[in-house]
Asker: 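Once you've had a glance at the structure underneath, I'll fire off some questions.
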Amino acid sequence: MGHPFPLREIARQAGLSEATVDRVLNGRGGVRPSTAQEVHRAIADLDRQRTQVRLVGRTFMVDIVMQAPERFSTAVRAALEAELPSLHPAVLRARYHFRETAEAADLVRVLDRIARRGSQGVVLKAPDVPEVTAAVGRLTAAGIPVVTLVTDLPASARVGYVGIDDRAAGATAAYLMGQWLGDRPGHVLTSLSSGFFRNEEEREMGFRAVMRARHPERALVEIAEGQGLDATQYDLVRAALARDPEIRAVYSIGGGNIATLRAFADAGRACAVFVAHDLDHDNTRLLREHRLSAVLHHDLRQDLREACHIVMRAHGALPQAGPSLPSAIQVVTPYNMPPTAPA
């Protein structure tokens, strides 16, 4: 009977001596049929538990590289560290490389340094630009699997992407916006942190497509490159409000929502509908205060768990699986806050 398990492991699983197991496996006789069945049952049990056997004692050092506002990188760190116990018996350790703003060359230097130093995997949130795509290729060539988180680099050599279907998220935001604005007049401000993040581009395309199809009379006003940071976002929103007195609603794709609301207040304008993304600590507070209409949320813990599993599969520590499905999009209002939302 073929099997990949050491004699000692089978004996331990069966509760028999190694000599008895050896006699069964080599057909030497002198063993009761029931004892032989115990040996074969032990091998079948080990085969079912092979994943756990392979993970015992394994340590995976993973680098988390992100360009994102502090409020989001903090949420990612908390989600990953909450998931680490669920990865036992494997042990995963993380090194964090967070930037609120960065030139592509800065991110490339970080990725190339990881490639030289070594790592079991990289979880990456970065803009979709050729320099970063090339750096992912160098990591892959060095035997380091890369998983993109939240925003994808589809032309790169990454082994997987975890996150939502961003076009569907944008379309959902447009559906909510149309329902809640109803027949009231007003233009909609769409706000991106950067045009180089593929997830934001996809959300904007999904939103625009549905708004054009269902509400062609409503104008969309776009601002971008605020990086999701309050200081830059405030100035961009104030300028947009000054240019267009008909802006009455916001679809915030890239964040900076406290600054956006402050700009409306300072301009003496009301925001009738405000749809945002992600239950970070800022958006949780704004939602509880009824200053946001809804937040499109996805389970970061599930995303980070899947990212870790993809890294483990790349090293043969877990069985191969099909492509990861997109994360479920949750429409969160002040009345259905998840119990895991930040206090």
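For the single chain, residues carry numbers from 1 onward in sequence order. Note that the structure is predicted; figures quoted are calculated from it, not measured.
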Asker: What closest approach, in Å, do Gly178 and His215 show between heavy atoms, and which atom pair accounts for it?
Answerer: CA-NE2, 3.2 Å
Asker: To the nearest 0.5 Å, tell me how far Glu204 CD sits from Thr190 OG1.
Answerer: 5.5 Å
Asker: Sub-3.5 Å donor-acceptor pair from the side chain of Arg218 to the main-chain atoms of Arg214, do we have one?
Answerer: no
Asker: With a 3.5 Å cut-off and no angle check, do the side chains of Gln227 and Thr232 form a donor-acceptor pair?
Answerer: no
Asker: Closest approach of Ile247 and Ala240, non-hydrogen atoms and distance?
Answerer: CD1-O, 3.7 Å
Asker: Would one find more than 12 heavy atoms of other residues, nucleotides or ligands at under 6.0 Å from atom CD of Glu103?
Answerer: no
Asker: Given Arg109 and Asp112, is the salt bridge (Lys or Arg N to Asp or Glu O under 4.0 Å) satisfied, shown in steps?
Answerer: CA-CA 5 Å; Arg109 277 192 288 271; Asp112 285 343; over 6 Å; no
Asker: So, using side chain to side chain contact (heavy atoms under 4.5 Å, CB included) as the criterion, who are the partners of Ala173 when residues are at least two apart?
Answerer: Phe207, Tyr251, Val275, Leu296
Asker: Taking only residues two or more places apart in sequence, or in another chain, which ones meet Ala267 in a side chain to side chain contact (heavy atoms under 4.5 Å, CB included)?
Answerer: Arg238, Leu241, Arg269
Asker: Report yes or no: does Thr140 contribute a side-chain atom to a donor-acceptor pair with the main-chain N or O of Arg158 at less than 3.5 Å?
Answerer: no
Asker: Cluster question for you: counting only ILVMFWY and a side-chain heavy-atom cut-off of under 4.5 Å, with indirect links fine, are Leu87 and Leu149 together?
Answerer: yes
Asker: Test Arg95 against Arg117 for side chain to side chain contact (heavy atoms under 4.5 Å, CB included), laying out the working first.
Answerer: CA-CA 12 Å; Arg95 295 181 292 225; Arg117 183 183 58 198; 3.3 Å; yes
Asker: Rounded to the nearest 0.5 Å, how far apart are CG of Asp280 and OG1 of Thr74?
Answerer: 9.0 Å
Asker: Heavy-atom count check: over 12 atoms from other residues, nucleotides or ligands less than 6.0 Å from Phe196 CZ?
Answerer: no
Asker: Val122, Tyr96: one ILVMFWY side-chain cluster at the under-4.5 Å cut-off?
Answerer: no
Asker: Taking Asp230 first and then Arg262, would you say they form a salt bridge - that is, a charged N and a carboxylate O separated by under 4.0 Å?
Answerer: no
Asker: Does the side chain of His298 come within less than 4.5 Å of Ile329's, by heavy atoms?
Answerer: no
Asker: Looking at Gly226, is its backbone amide N or carbonyl O close enough to the side chain of Gln233 to form a donor-acceptor pair, meaning the two atoms are under 3.5 Å apart?
Answerer: no
Asker: Quick check: closest heavy atoms across Gly228 and Ser193, and the distance to 0.1 Å?
Answerer: N-CB, 3.4 Å
Asker: Salt-bridged, Glu306 to Arg313, with N to O below 4.0 Å?
Answerer: yes
Asker: Got a salt bridge between Arg71 and Asp278, using NZ or NE/NH1/NH2 to carboxylate O under 4.0 Å?
Answerer: no
Asker: Let me confirm one number: the CE-CZ distance from Met177 to Arg248, rounded to the nearest 0.5 Å.
Answerer: 13.5 Å
Asker: Taking atom types as modelled and ignoring hydrogens, do the side chains of Asn257 and Thr260 form a donor-acceptor contact shorter than 3.5 angstrom?
Answerer: no
Asker: Would you say that Val132 contacts Leu124 through its side chain, given a criterion of any heavy-atom pair below 4.5 Å between the two side chains?
Answerer: yes
Asker: Is the distance from the ring center of His290 to that of Tyr335 below 6.0 Å?
Answerer: yes
Asker: Looking only at atom types and distance, does a side-chain atom of Ser293 sit under 3.5 Å from a main-chain N or O of Phe274, one as donor and one as acceptor?
Answerer: yes
Asker: Here's a test for you: under side chain to side chain contact (heavy atoms under 4.5 Å, CB included), which of Leu292, Val295, Leu287 qualifies with Pro334?
Answerer: Leu287
Asker: Find the distance between OG1 (Thr172) and CZ (Arg203) and round it off to the nearest 0.5 Å.
Answerer: 11.0 Å
Asker: Work out which heavy atom in Ala115 is nearest to a heavy atom in Ala142; give both atom names and the distance.
Answerer: O-CB, 4.2 Å
Asker: Is Phe98 linked to Val110 within one hydrophobic cluster, defined over Ile, Leu, Val, Met, Phe, Trp and Tyr using a side-chain heavy-atom separation of less than 4.5 Å?
Answerer: no
Asker: May I ask you to test the Leu25-Ile10 pair for a side-chain heavy-atom distance under 4.5 Å?
Answerer: yes
Asker: Does the pair Ile114 and His97 meet the rule for a side chain to side chain contact (heavy atoms under 4.5 Å, CB included), with working shown?
Answerer: CA-CA 10 Å; Ile114 293 168; His97 314 266; 3.9 Å; yes
Asker: Report yes if the side chains of Leu92 and Glu83 come closer than 4.5 Å at any heavy-atom pair, otherwise no.
Answerer: no
Asker: Would you say the side-chain atoms of Ser252 pair up with the backbone N or O of Ala276, donor to acceptor, closer than 3.5 Å?
Answerer: no
Asker: Do the side chains of Arg93 and Gln120 get nearer than 4.5 Å, heavy atoms only?
Answerer: no
Asker: Hey, does Leu111 have a side-chain heavy atom less than 4.5 Å from the side chain of Arg138?
Answerer: no
Asker: Looking at Thr333, is its backbone amide N or carbonyl O close enough to the side chain of Asn336 to form a donor-acceptor pair, meaning the two atoms are under 3.5 Å apart?
Answerer: yes
Asker: Show your reasoning for whether side chain to side chain contact (heavy atoms under 4.5 Å, CB included) applies to Glu18 and Val21.
Answerer: CA-CA 5 Å; Glu18 291 182 38; Val21 172; 5.6 Å; no
Asker: State, with a plain yes or no, whether a side-chain heavy atom of Pro127 is found less than 4.5 Å away from one of Leu107.
Answerer: yes
Asker: Rounded to the nearest 0.5 Å, how far does OG1 of Thr101 lie from CD of Gln67?
Answerer: 7.0 Å
Asker: Which heavy-atom pair separates Thr20 from Ser17 by the least distance, and what is that distance?
Answerer: OG1-OG, 2.8 Å
Asker: Taking C-beta and beyond as the side chain, do Leu279 and Gln330 meet within less than 4.5 Å on heavy atoms?
Answerer: no
Asker: Counting N and O atoms only, with roles assigned by atom type, does the side chain of Asp282 sit under 3.5 Å from a partner on the main chain of Gly256, one being a donor and the other an acceptor?
Answerer: no
Asker: Indicate whether any N or O donor in one side chain lies under 3.5 Å from an N or O acceptor in the other, for Ser194 and Glu200.
Answerer: no
Asker: Rounded to the nearest 0.5 Å, how far apart are OG of Ser191 and CD of Glu222?
Answerer: 9.0 Å
Asker: Determine, step by step, whether Leu192 and Phe197 satisfy the side chain to side chain contact (heavy atoms under 4.5 Å, CB included) criterion, reporting the C-alpha distance in whole Å, the side-chain angles of both residues, the deciding distance to 0.1 Å, and the verdict.
Answerer: CA-CA 9 Å; Leu192 293 80; Phe197 285 106; over 6 Å; no
Asker: Is it true that Arg28 and Asp22 have a side-chain N and a carboxylate O under 4.0 angstrom from each other?
Answerer: yes
Asker: Treat each ILVMFWY residue as a node, draw an edge where side-chain heavy atoms are under 4.5 Å apart, and state whether Val147 and Leu153 are in one component.
Answerer: no
Asker: Hydrophobic clusters here meaning ILVMFWY residues chained together by side-chain heavy-atom distances under 4.5 Å, can you tell me if Leu80 and Leu300 are in one?
Answerer: yes
Asker: Which pair of heavy atoms, one from Asp166 and one from Tyr161, lies closest together, and at what distance?
Answerer: OD2-OH, 3.5 Å
